[in-house]
**Q** 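Could you have a look at this structure, given as structure tokens, before my questions?
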Amino acid sequence: MNQVPRDLAKPARANPVRIAPSACPHDCPSTCALEVEVLDARTIGRVRGAADNSYTAGVICAKVARYAERVHHPDRLLHPLRRKGPKGSGEFSPIAWDEALDLVAERLLAAEARHGAQAVWPYYYAGTMGLIMRDGINRLRNAKKYSGFHQTICVNPAYVGFSAGTGRVAGPDPREMARSDLVVIWGTNAVNTQVNVMTHAIRARRDRGAKIVAVDVYMNDTMKQADLAVLLRPGTDGALACAVMHCLFRDGKADRAFLERRSDAPRELEEHLRPRSPEWAAKITGCDVATIEEFARLCGDTRRAYFRLGYGFARSRNGAANMHAASCIATVTGAWQYEGGGAFHNSRDIYHWNKTMTEGLDVRDPSVRMLDQSRIGAILCNDADALAGGPPVTALFIQNTNPVSVAPDQTRVKRGFARDDLFVCVHEQFMTETARVADVVLPATMFLEHDDLYQSGGNQHILLGPKLIEPPGECRSNHDVLAGLARRVGACHPGFDMSPRELIDWTLRNSGWGTIAELEANRWIDCQPDFDTSHYVRGFNWPDGKFRFKVDWPNVPFFSPVRSGPTERLPLLPDHCDVIEEADAAHPFRLATSPSRSFLNSTFNETATSIAKERGRPEVMIHPDDAAALGIRDGAAVVLGNLRGEVRLHARHFAGVRRGVLIAESIWPNHAYPDGRGINTLTGADAVAPFGGAAFHDNKVWVRAA
Ligand code: SF4
């Protein structure tokens, strides 16, 4: 049963606009608290940020502010569809829901009968971040002993790198940025991807005269707003961090008392850093010595220095080492001890969720294989190593993701999806590239059309996202579809018999966060631990309480039991780790595929405003001197290539990159490229050490005029 959520504004006149609370479901660390204009039972108006949420502070990104464009889009999927033409032809005919679910169940059962339950792979990701609608697919997986989904595409190197030092993925309250004297925004283009970081950083500059330093691989909008922009070559952040720490020790700015008390090997670190000078780092990073020295001076002279460490610089084959190295700076200076100081990446470890009911953890069999999300191409192409010694995957059930566009190694992904013996069901909001190659396509609700529960990564709130409007056509929620499928394939778990609201209430109660009624009344829960906990005043999260400069990589605390990648090549102490795809004679450029402002992965690819704001076509930024050397004029058609394939797009001259670096912002749909090959044709799916990951910003390529 869906209850009508508490309104934020009482109607004062006839046909009033109702303002209702919500939460942003998208894969963005901000998880903004929203206020939505509800015009009638099926229609929304403008979306705003909740002014009284202390993190959102009334500010949200433009793409969600105009969400009506997406929720009421004429191209939304409205009815279940069955393929009638050849695979990938895009020819479908409508069928009834019961017929569709019967067909999907029949094909999953057939796959199970032929090769065993592990031939079925429920595949999902973060198209919604709601705990009910995103994670429920794991309940089906666990109840049926289908192949498991080893999440790797986004967070693994970053989380592992951060907890390598602290022992925990959590840190000082991100609102403390406003009370900092130096905010270092490292490896995240916050203006594009988590606008609220800028809110708090700019408050600090306005109210306290704080300095903002940005570290990134191109002069993006965040770098342009910084007082000091540290422009690097991709994958060299570890070298920068080492040089900064070298200066801190050299100049007597290391907090030696704190280091002796709260770190494992400070003297060994100091000795190790002695040859890693700014001159050494300048050769690796491409950044000039004076900028590195200035960055180090700011770090050394500012007690309240807040290091806001993003995901971007960890999406590299040495990403975990880079994240760890950056987090070490706050320990050398002792910044953790001060309000507005320390390092923060994500609040993941503060929520202590009990996910038994949402994910069916009580029926999970740990002996069932886990398949690497990022290696879907190799898996579907029957690579024995990727299949972990098990049977082929012959049935995919997909929610919340679009792997034919967003997964690395796209050529293999497409080849795998084209297999005649592979059955694919996609439950989606639009006819994505992945939906187009499916056998059955089911229409999905959007976040305003179902109830869900959210946790913030980039701050510390639990939020409720209640159903506010009726879905269009015959759209059904992920939970409804999973429950319908579970009945048909014999998956038993009490979670399938509960409503989303009941699941939310159960999860809150059994995680120590109250009830859904309380959450509905209060709109959110501020879960920020106290100062001593979040600043590790009583010690870091290790038995001896000491921050780890020396990392035991295979045993860093992490939620995944699956280890992968060349862990033995990760450095024991902070360093530049040269496992990256370094440029060579045949591939003289390094390519990063950075996020755009108006798309969010492949979400918003369908809205006209986002397409227009992204200049209407895929482009690659190239330094004008590189372009001149290759005879590539501004706006010219070019081809990028490497061993994985070729991509055609247009060049944009841009002086805000180092020579030899290319930036292709955003994931455009594959059909936006002249020959249908998207940017992930160039990205690799080889696992990032030590627990997997996708190195989206770590590609060597060549470029030539088309
Ligand atoms: S900034 Fe992020 S969380 Fe906030 S509304 Fe935009 S996409 Fe959603």
Side-chain angles (χ1 to χ4, degrees), residues 19-37 44-71 125-131 133-134 154-155 174-175 177 185 188-203 220-222 225 308 310-312 344-348 400-401 406 429 446-449 452-466 468 523-524 526-527 594-607 609-610 613-614 665-667:
I19 308 295
S22 186
C24 180
H26 287 294
D27 188 7
C28 166
S30 289
T31 319
C32 291
L34 304 179
E35 294 178 357
V36 182
E37 292 180 358
I44 67 157
R46 196 77 184 156
V47 179
R48 297 186 178 82
D52 53 344
N53 179 284
S54 55
Y55 188 76
T56 303
V59 178
I60 62 169
C61 64
K63 58 188 178 289
V64 169
R66 56 173 183 268
Y67 211 80
E69 186 183 12
R70 186 163 193 273
V71 80
Y125 205 53
T128 175
M129 296 291 280
L131 273 60
M133 300 301 167
R134 182 192 61 194
C154 183
V155 302
R175 292 166 296 196
M177 277 185 281
I185 303 172
T188 180
N189 182 3
V191 171
N192 278 16
T193 62
Q194 41 178 333
V195 63
N196 312 80
V197 167
M198 301 310 293
T199 302
H200 298 278
I202 287 170
R203 269 186 192 167
N220 53 44
D221 288 342
T222 305
Q225 292 200 30
R308 181 63 182 84
Y311 289 100
F344 176 82
H345 172 59
N346 189 284
S347 294
R348 185 197 73 168
N400 304 335
T401 190
V406 306
Q429 297 164 344
M446 289 190 183
F447 77 107
L448 299 168
E449 300 157 359
D452 215 333
L453 177 67
Y454 303 91
Q455 74 173 51
S456 305
N459 60 87
Q460 63 294 304
H461 287 92
I462 290 172
L463 302 103
L464 185 68
L468 299 181
R523 296 164 58 198
W524 50 72
D526 184 343
C527 307
S594 304
S596 70
R597 189 167 190 167
S598 304
F599 300 141
L600 204 169
N601 300 322
S602 69
T603 309
F604 298 94
N605 273 178
E606 63 286 329
T607 57
T609 310
S610 288
K613 285 185 178 294
E614 294 304 319
E665 271 192 346
S666 88
I667 300 178

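Just so it is clear, the values below take in all heavy atoms, side chains as well, and ignore hydrogens, waters and symmetry mates. Just so you know, ligand 1 is whichever comes first in the structure, and atom 1 is the first atom listed for that ligand. Predicted, not measured: the structure shown is a model, and the values here were computed from it.
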**Q** Can you tell me if an N/O/S atom from C32 lies under 2.8 Å from atom 4 (Fe) of ligand 1?
**A**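 It does: C32 brings an N, O or S atom closer than 2.8 Å to atom 4 (Fe) of ligand 1.
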**Q** Are any non-hydrogen side-chain atoms of Q429 and T603 less than 4.5 angstrom apart?
**A** no
**Q** Should the ring pair Y67 and F604 be called parallel, tilted or perpendicular, given that the plane angle runs from 0 to 90° and is split at 30 and 60?
**A**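 Ring orientation, 0 to 90° scale: perpendicular.
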**Q** Indicate yes or no: at least one non-hydrogen side-chain atom of P595 is less than 4.5 angstrom from one of N192.
**A**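 No, every pair of side-chain atoms sits at 4.5 Å or beyond.
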**Q** Can you name the atoms of ligand 1, numbered from 1 with element, that are less than 4.0 Å from a heavy atom of V64?
**A** 5 (S), 6 (Fe), 7 (S), 8 (Fe)
**Q** Numbering the atoms of ligand 1 from 1, which are under 4.0 Å from a heavy atom of C61?
**A** 1 (S), 5 (S), 6 (Fe), 7 (S)
**Q** Can you find a side-chain donor-acceptor pair between T128 and N400 that sits under 3.5 Å?
**A**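 N400 and T128 do not have a side-chain donor-acceptor pair below 3.5 Å.
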**Q** Tell me which protein heavy atom sits closest to atom 8 (Fe) of ligand 1, plus the residue, atom name and distance to 0.1 Å.
**A** C24 SG, 2.3 Å
**Q** Enumerate the atoms of ligand 1 whose separation from the nearest heavy atom of V195 is less than 4.0 angstrom.
**A**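 Listed by number with element: 1 (S).
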**Q** With a 3.5 Å cut-off and no angle check, do the side chains of E614 and S666 form a donor-acceptor pair?
**A** no
**Q** Below a 4.0 angstrom heavy-atom separation, can you tell me which part of T193, side chain or backbone, both or neither, approaches ligand 1?
**A**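 Neither part.
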**Q** For the residue pair D526 and Y55, establish whether any side-chain heavy-atom pair is separated by less than 4.5 Å.
**A**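 Heavy-atom side-chain distance check fails, nothing below 4.5 Å.
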**Q** Is C28 close enough to atom 6 (Fe) of ligand 1 to have an N, O or S atom under 2.8 Å?
**A**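 So C28 does not bind atom 6 (Fe) of ligand 1 by this criterion.
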